[in-house]
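A short worksheet on the structure shown next.
So that the names make sense, note that chain A is the first sequence line, chain B the second, and so on, each numbered from 1. Remember, it's a predicted structure, so these values are computed and weren't measured experimentally.
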2 protein chains.
Amino acid sequence: MPHLTDPRPQLTERLREHGIGPTHQRIEIARALFARMTHLSADQVLAAVNARHAETSKATVYNTLKLFVEKGLVREVIVDPTKVFYDPNMAPHHHFYDVETGEITDIEADRIAIGGLPSLPPGKVAAGLDLIIRIRSGA
Amino acid sequence: MPHLTDPRPQLTERLREHGIGPTHQRIEIARALFARMTHLSADQVLAAVNARHAETSKATVYNTLKLFVEKGLVREVIVDPTKVFYDPNMAPHHHFYDVETGEITDIEADRIAIGGLPSLPPGKVAAGLDLIIRIRSGA
DNA sequence: CAGGAGTCTGGACTCTGTCTAACCGCCCGC
DNA sequence: GCGGGCGGTTAGACAGAGTCCAGACTCCTG
Ligand SMILES: [Mn+2]
Ligand SMILES: [Mn+2]
Ligand SMILES: [Zn+2]
Ligand SMILES: [Zn+2]
């Protein structure tokens, strides 16, 4: 009996709740994201999942991350022009992005008030609102 | 005598104000951006500059856009995970991003009030604040 | 005219992400 | 048990954005 509870049954349940068939690879990818609760790139997910021994291909990591986004299990964070990060925190929130280190930090949404949002162009609906505060080490 | 005034002297002056030596290629790249006053990708700049006949290499377009950003002549807009857009509008402002068409539209900064910004991590200074409203065609 | 700093360039290269066609594994009907 | 079917996985080829490099060009200066 492991000291800490095995997270896999919880992850399996979470995948099912989102209409995602829980395969071995999908559970491991979800575990990489939800165990750390940090912002990981596809490459970092691939490395994390295959850390002990090769389990999952690059194609499956990309396919699965796209599926997770479609199903609302994780969201994309677009701050670095060279790669997408995946965020297991689905609560409304914003981000600090350190342009020197690449570090991404959450900002709780209710700490920030955004007022006077303009009306959307006709026939359009909002699909998301991203607020990114770019920071660097002090002058 | 051309019907409209030649924009090149004005562009030359603008480059000099930013400490950028005004070469032929740099003037043409600046013209592509400031004549249109829209958000262009590096590829679109390359195409615009070479529309009549080949004038400027891909390497020079990338080098020059990076130089323009360093010198504060234009800014990057990071909304599309596959490419960077360059924005000649340096006034503080935000963006609509249509996730279906890729269209980027400006939102004047003074229409939006952002309150309760959290204190920055210690030793860090703000390098920029980006607000992106992702939109798509209505349900 | 020689030297040198700054700039420009083709093309090779890297990296992220996509695609394809084969393959695997599980379930289900027989 | 046996044969299909079907969703899922895979290696590796491929595509596109962006970088790097070594050579060439431009222009100024001594
Ligand atoms: Mn890129
Ligand atoms: Mn990319
Ligand atoms: Zn986050
Ligand atoms: Zn803009």
Side-chain angles (χ1 to χ4, degrees), chain A residues 8 11-12 15-16 18-33 39-50 53-71 73-87 99 102 104, chain B residues 11-12 15-16 18-33 39-50 53-71 73-87 97 99 102 104:
Chain A
R8 259 159 291 200
L11 289 169
T12 300
L15 293 179
R16 285 222 175 83
H18 288 265
I20 301 167
T23 68
H24 176 66
Q25 287 87 342
R26 288 169 179 173
I27 291 169
E28 290 303 313
I29 290 168
R31 183 152 71 140
L33 287 159
H39 311 83
L40 297 181
S41 67
D43 227 44
Q44 291 173 320
V45 170
L46 180 63
V49 163
N50 291 331
H53 48 83
E55 300 195 31
T56 306
S57 71
K58 183 177 69 151
T60 295
V61 168
Y62 277 97
N63 290 344
T64 300
L65 290 172
K66 185 176 290 185
L67 177 69
F68 284 5
V69 170
E70 280 170 20
K71 298 295 189 177
L73 189 66
V74 304
R75 64 152 108 171
E76 295 179 329
V77 179
I78 312 233
V79 283
D80 179 324
T82 73
K83 63 193 127 189
V84 175
F85 286 86
Y86 293 87
D87 190 343
V99 297
I104 302 173
Chain B
L11 289 169
T12 300
L15 293 181
R16 285 222 174 82
H18 288 264
I20 301 167
T23 68
H24 176 65
Q25 286 87 343
R26 288 170 180 172
I27 291 168
E28 290 304 313
I29 290 168
R31 183 152 70 140
L33 286 160
H39 311 84
L40 297 181
S41 67
D43 227 45
Q44 290 172 321
V45 170
L46 180 63
V49 163
N50 290 331
H53 47 83
E55 299 195 32
T56 305
S57 71
K58 183 178 69 152
T60 295
V61 168
Y62 277 97
N63 290 342
T64 299
L65 290 172
K66 186 175 292 187
L67 178 69
F68 284 4
V69 170
E70 281 170 18
K71 299 294 190 179
L73 189 67
V74 304
R75 64 152 108 171
E76 296 179 327
V77 179
I78 310 219
V79 284
D80 178 325
T82 73
K83 62 193 131 192
V84 174
F85 287 87
Y86 293 88
D87 190 344
Y97 176 64
V99 296
I104 302 173

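- Residues A/Ser41 and A/Lys83 share a closest heavy-atom pair of CB-CD, 3.9 Å.
- Nearer the 5' end of DNA chain C, as judged by each residue's closest nucleotide, is the contact made by B/Asn63, out of A/Val84 and B/Asn63.
- Between A/Thr56 and A/Ile29, the shortest heavy-atom distance links the atoms CG2-CD1, 4.3 Å.
- Atom pair A/Glu76:CD and C/dG17:C1' shows a separation of 12 Å (rounding to whole Å applied).
- Distance CD (B/Gln44) to C1' (D/dG18): 16 Å, rounded to an integer number of Å.
- One interatomic measurement links the two molecules: CG of B/Asn50 to C1' of C/dG10, which rounds to 13 Å at whole-angstrom precision.
- Rounded to an integer number of Å, the gap from NZ of A/Lys71 to C1' of D/dG7 is 13 Å.
- Look at A/Tyr62 and you won't find any side-chain N or O under 4.0 angstrom from OP1 or OP2 of C/dT18.
- Between A/Phe85 and A/Gln44 the shortest heavy-atom distance is CE2-OE1, 3.8 Å.
- Between D/dT9 and A/Thr60, no contact under 4.0 Å exists linking OP1 or OP2 to a side-chain N or O.
- Place B/Ala59 and B/Arg26 on DNA chain C by their nearest nucleotides, and B/Arg26 ends up nearer the 5' end.
- Contact check, B/Thr23 against C/dC8: a side-chain N or O comes under 4.0 Å of OP1 or OP2.
- Closest approach to the B/Gln25 side chain among C/dG17, C/dT9, D/dT10 is made by C/dT9 (side chain taken as heavy atoms from C-beta onward).
- A/Leu46 has its CG atom 15 Å from the C1' atom of C/dT18, to the nearest Å.
- Nucleic acid contact for A/Ser41: none, since no nucleic acid atom lies under 4.0 Å from a heavy atom of the residue.
- With rounding to whole Å, B/Glu55 atom CD is found 19 Å from C/dT7 atom P.
- A sub-4.0 Å separation between OP1 or OP2 of C/dT18 and a side-chain N or O of A/Lys66 is present.
- Atom CG of B/Asp80 and atom C1' of D/dG16 are 12 Å apart (whole Å).
- Residue-to-nucleotide proximity on DNA chain D shows that, of A/His24 and B/Lys83, the 5′-proximal contact is made by A/His24.
- The NZ-P distance, from A/Lys58 to C/dG17, rounds to 10 Å in whole Å.
- For the residue pair B/Glu55 and B/His24, the shortest heavy atom distance occurs at OE1-NE2, 2.8 Å.
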